[in-house]
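Chain A is the first sequence line, chain B the second, and so forth, proteins listed ahead of strands; every chain is numbered from 1.
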Amino acid sequence: MKRTFTWLEIYRWPMLLFVVITSGVLSALLGDHIWDSLSWLLLSVPLLVIALCLLIPNSWRRAKLR
Amino acid sequence: MRTNRVRLWYRLHRWSSLICTLFLLVSCITGLPLIFHDEIDHLMHPGHSLLQTASGHASVSLQSLVKETERLHPGMHPMFVVLDEQQPTVHVTLSRTGNGDLSQRVIESYNAYTGARIDTDVPGQDFMDYVLKLHQELFADIPGELFLGVMAVVLLVSLISGAIVYGPFMRRLEFGTVRWNRSNGLPWFDVHNVLGIVTLCWMLLIAGTGLLNAISTPLFAAWRADRMAKTLTPYRDLPPVSETVSVDAVRAAAQLSLPDRKLTAIVYPHPLYSSPWHFLVYTEGRTPITSRIFTPVLVDARTGHVTSSQQFPWYIHALEVSRPLHFGDYGGLPLKIIWAFLDIAFIAVLVSGLALWWKKRNGSQGVLDLGRDSNLNSEVSSS
């Protein structure tokens with residue numbers, strides 16, 4: 001039987017992504033040039049996370065991360 | 001969280017989602033080409049890009065361009081002169097009726113330096129207008145806009161309730177789990193969870209900015225009733241102007257009052273779009289953030305003097321910023337491409353959510369059934 005995750009364990013990745021996306025959205029709004037590039041970098045993070053989750057099997061990820 | 005409460009949030013999530021999903025699918029799909037509106041316009045008007053070689057300030061007389069447009073369309077009334085410094089072009093809009101009905105309008109575009117007319121009679125333009133109309137008002141004008149505003153509120157409810165039920169459902173699942181090899185709708189469930197929670201922040205942004213855009217008409221009405229009315233009190237008893245100063249004089253007066261700002265549009269005196277006694281000149285700043293913030297300048301149409309150049313109130317500023325934040329067209333092409341991918345993820349969240357509901361409706365008893373079992377843990381962990 002797997003153990004139950006705590007609230008913090010469940011929401012830590014979503015919260016991190018929340019911060020990353022917010023920073024990415026604001027970065028391009030408040031500045032140009034380097035800030036635009038920073039925004040592209042930050043906003044590709046959620047896309048990358050989605051790709052990783054969908055393409056790489058969970059079992060493989062677990063084995064590598066631990 | 002108590003199971004009862006989870007079930008309540010879960011129901012709220014399901015029903016709010018069901019209400020808005022169909023309209024959101026329309027919005028997301030039409031939104032995809034709208035992200036690349038500028039690029040598509042450029043493709044359709046290859047002539048425009050040639051203009052970018054020119055430089056310096058626009059010097060052609062705006063009044064002569066308005067005259068030329070009136071000559072091309074006799075009997076029509078000038079409504080707006082839009083100054084596009086980047087292209088650089090001048091667009092003159094005339095209306096057939098003069099009562100503010102913009103469906104009866106024509107737009108002529110001119111090179112801002114030479115005054116040469118640019119042929120904009122390209123069929124593709126109409127197509128993008130069509131897509132935009134579907135996206136922002138479902139072809140139903142202001143009622144359509146407000147209806148989509150309500151859908152944006154329902155979407156916000158759905159997103160928040162979805163984020164709340166995410167926790168209980170993930171108690172025994174690691175972040176990002178997708179069980180492709182399982183049946184019973186589990187892959188749909190997992191994909192919905194992963195895409196939904198990862199793009200949550202972005203979807204909230206799109207819903208919130210979409211809501212603001214949808215209520216822009218009442219917001220502007222509020223501004224007119226609030227600030228404009230005060231400014232216009234001394235004019236109240238005057239008849240609407242018939243003879244106006246030249247639009248070049250208006251441009252000069254507005255530029256003189258706000259020398260650091262870029263003039264983007266001049267609106268002819270009109271009770272709906274400006275004031276019966278004034279030209280309304282829109283100006284924007286020149287830095288990334290101030291270029292989103294417009295300041296309106298009211299120029300007396302009879303005297304050519306500036307009546308007011310006060311800032312918009314905060315709610316109009318919020319509206320102005322919400323436009324680029326909604327369409328993602330404020331950080332170059334890479335940002336637009338990212339926006340498009342996030343939009344596709346949004347569509348996938350909608351489709352997977354719909355698939356889940358369909359499966360459950362057809363009696364499939366999977367992990368999603370919070371039914372009678374009071375022990376949520378065993379339900380979720382039956383995987």
Taking atom [atom1] of [X] as the centre, does the number of heavy atoms from other residues, nucleotides or ligands within less than 6.0 Å exceed 12?
X	atom1	result
B/R292	CZ	yes
A/I34	CD1	no
B/F341	CZ	no

In the structure I gave you, are the side-chain heavy atoms of [X] and [Y] within less than 4.5 Å of one another anywhere?
X	Y	value
B/L200	A/P14	no
A/L43	B/W339	yes
A/F18	B/L204	yes
B/T199	A/I50	yes
B/L335	A/D36	no
A/L17	B/F175	yes
B/I197	A/W13	no

*Flag the one option from A/G24, A/S39, A/S27, A/A28 with the top tally of heavy-atom pairs under 4.5 Å to chain B.*
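Of A/G24, A/S39, A/S27, A/A28, A/A28 has the most heavy-atom pairs under 4.5 Å with chain B.
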
*Among A/T6, A/V45, A/I21, A/V49, residue most engaged with chain B (heavy-atom pairs, under 4.5 Å)*: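 Answer, by heavy-atom pair count under 4.5 Å with chain B: A/I21.
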
Which bit of [X] comes within less than 4.5 Å of chain A, counting heavy atoms only: side chain, backbone, both or neither?
X	answer
B/W180	side chain
B/V194	side chain
B/L205	side chain

*With a 4.5 angstrom heavy-atom cut-off, which part of A/L47 approaches chain B: side chain, backbone, both or neither?*
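Side chain of A/L47 only, per the 4.5 Å heavy-atom cut-off to chain B.
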
*Check: A/Y11 main-chain N/O paired with B/Y166 side-chain donor or acceptor under 3.5 Å*: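 No, the answer is negative, given that no donor and acceptor are paired below the 3.5 Å cut-off.
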
*asked:* Tell me whether A/W40 contacts the main-chain N or O of B/G331 through its side chain, where contact means a donor paired with an acceptor under 3.5 Å.
replied: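 Side chain of A/W40 to backbone of B/G331: a pair is present.
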
*Of all the heavy-atom pairs spanning B/I338 and A/S44, show the shortest one and how long it is.*
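Closest heavy-atom pair between B/I338 and A/S44: CD1-N, 4.2 Å.
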
*Which heavy atom of B/M170 sits nearest a heavy atom of A/F5, and at what distance?*
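Scanning both residues, the minimum pair turns out to be O-CD1, 3.8 Å.
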
*Most heavy-atom pairs under 4.5 angstrom with chain A, which of B/G332, B/S291, B/P187, B/G167?*
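That would be B/G167.
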
*State the OH-CG distance between B/Y330 and A/L30, to the nearest 0.5 angstrom.*
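Going from OH on B/Y330 over to CG on A/L30, the span is 9.0 Å.
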
*Nearest 0.5 Å please: distance from the CD1 atom of A/I10 over to the CZ atom of B/R172.*
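So the gap between those two atoms works out to 10.5 Å.
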
